[in-house]
Structure formats: C-alpha cells, structure tokens
Amino acid sequence: MEARHDLCGPRTLFTMDRQQFLLTALSASAGLVLARCTGAQNPTETMNETTHAPEAATSSKLMFEQMKLPYCYDALEPHIDAKTMEIHYGKHHAAYVKNVNEAIAEEKIGAATPEELFKSVSKYSAKARNNGGGAWNHNLYWEVMKPGGSKPSGKLLDAINSAFGSLDAMKKQFAEAGMKRFGSGWAWLVDQNGKLAIGSTPNQDNPLMDVSEFKGTPLLGMDVWEHAYYLKYQNKRDEYISNWWDVVNWDAVAKRLG
Ligand code: MN3
C-alpha cells in the first residue's frame, strides 16, 4: 500500500508479521489512511495483544477493539504533544479496552454491540461502565482529530448554525461544557433526534449510557481528563480546548451525522 501522507518523516519499509498484516488489512478495509510511523512513534508497537480485532471476528461475544491510530503520535503537534499521545493511546486507552473485555467475560454480558451495552450499563459493574466508556469514547476521540484539522460545511454547518447560531457560538458553548466539567470527563456535541446539542459527562460516561443525564448520539467528543493535556498544558485546560479546534476532523463529524 502506498502511503498517501508523509506525516512521520523519513521511514524505511518494514516487514510485516502476521499481526501487523491483519491490522493493515483491517485498517485498509475500514478506509483508513495508514501512517507508517517509525520507531517509538509507531502506535502498533504499543498495542496490547488482547485488544486486536481479529479475535473479535471469531468470537460471538461482544468485544471492544482499539482502533488503529490513523496518524502518528507526533502528528497533532504542537497542539497535542507526542508523549501525551503515546501514553494516552498506548497505555490509558489500551487498558480500557483490555479491562472492558475482561468485564464482559466475567459478568457474562450478553449485549451484541457497545450501544446495546451502554443502554443498560446501570445493570453492570463500575468496571464495565468505566472501561466500556473509556474504550468507546477514545475511539471516537482519535477519529475526530486529524493533523491540520478541517472545517465544517454543508449539512453539518447548517445544523450547527440552526442549533447554535454560528460555528463560533457552538465552539464557545462546547468549550464552556469542557471547562465546567469538574474533575475528569468529556464534552460532547450530540444529535438529539435531528437537533444538535452540547453537554458533558463525568468520568468515562457517554451520552449513550442509561446512567447519563445528558443523552444523544455522539458526533464530537473531547476528552477533558488531565491525562489528555497535562504534560503540555498543566492546569491550563482552557488553552488545550482552544488549541484543540485546530486538529478537529469535521469530516469525521459530518460522517457521524450522516
Ligand atoms: Mn483519555
């Protein structure tokens, strides 16, 4: 496969083992652009074996998967630094995926999809709720970012203007949701039966969960846990949020709106 982007500087061809081949095939089938990163910036090197998708294909049980990062750890710099990305994706997210899959097995959770699990998440353990949210929310977070970002247009921009008056007004309200979330959590732009709305959830909850006060179909999600920004921004969550817009992939948001 020919890389369409040159995000990661000089690189050499690598030999794929079976695992990498499967990941590559999956990513290609999902239409993702594979960024072939080098050395420590290769996200596949930190992926936990238990998080891999091929196992899910052979299991009838629900299994969360950690998406292949479609860009390198340093690709969102200077807004999000490489070290934060490496730890966030390789450690935090990988652990959520591993732990929710453990909880599904331990509690014999019969849901067929993450959405189905979230709809009745109050029936299950804190382990299932926190790690299920963590696994799903971060896949969305990686997906709605890309190097250089993009701009909303068409139907999505119309929906934003209709709900909030303007893109700037929407960004202001979203930033406030992120700032007002005390402690750890997420800010969300959601679709509520055709109307866009903004809100936030604590910890790793999301608007698909029955326990959430704020509900809807997530279109855009911003992680406001300190682990998402502390290395670079320390206590300045407001700076992380204002810089984050420069890496938002509005094309991915538009796809979710459908
Ligand atoms: Mn996080």
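Every number for a ligand or one of its atoms is a count from 1 in the order of the listing.
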Q | Ring centers of H138, W225 separated by less than 6.0 Å | A | no

Q. Which residue pairs pass the salt bridge (Lys or Arg N to Asp or Glu O under 4.0 Å) test with at least one member in residues 100-123, sequence neighbours excluded?
A. K98-E102, E102-K127, E106-K127

Q) Hey, does the side chain of D205 reach the backbone of S212 with a donor-acceptor pair shorter than 3.5 angstrom? A) no

Q.
Are Y89 and W142 an aromatic pair, judged by ring center distance below 6.0 Å?
A. yes

Q: Starting from the Mn ion (ligand 1), count all protein N, O or S atoms within a radius below 2.8 Å.
A: 4

Q: Please find out if less than 6.0 Å separates the ring center of H88 from that of Y141.
A: yes

Q. Between atom CD of E77 and atom CE of M85, what is the distance when rounded to the nearest 0.5 Å?
A. 10.0 Å

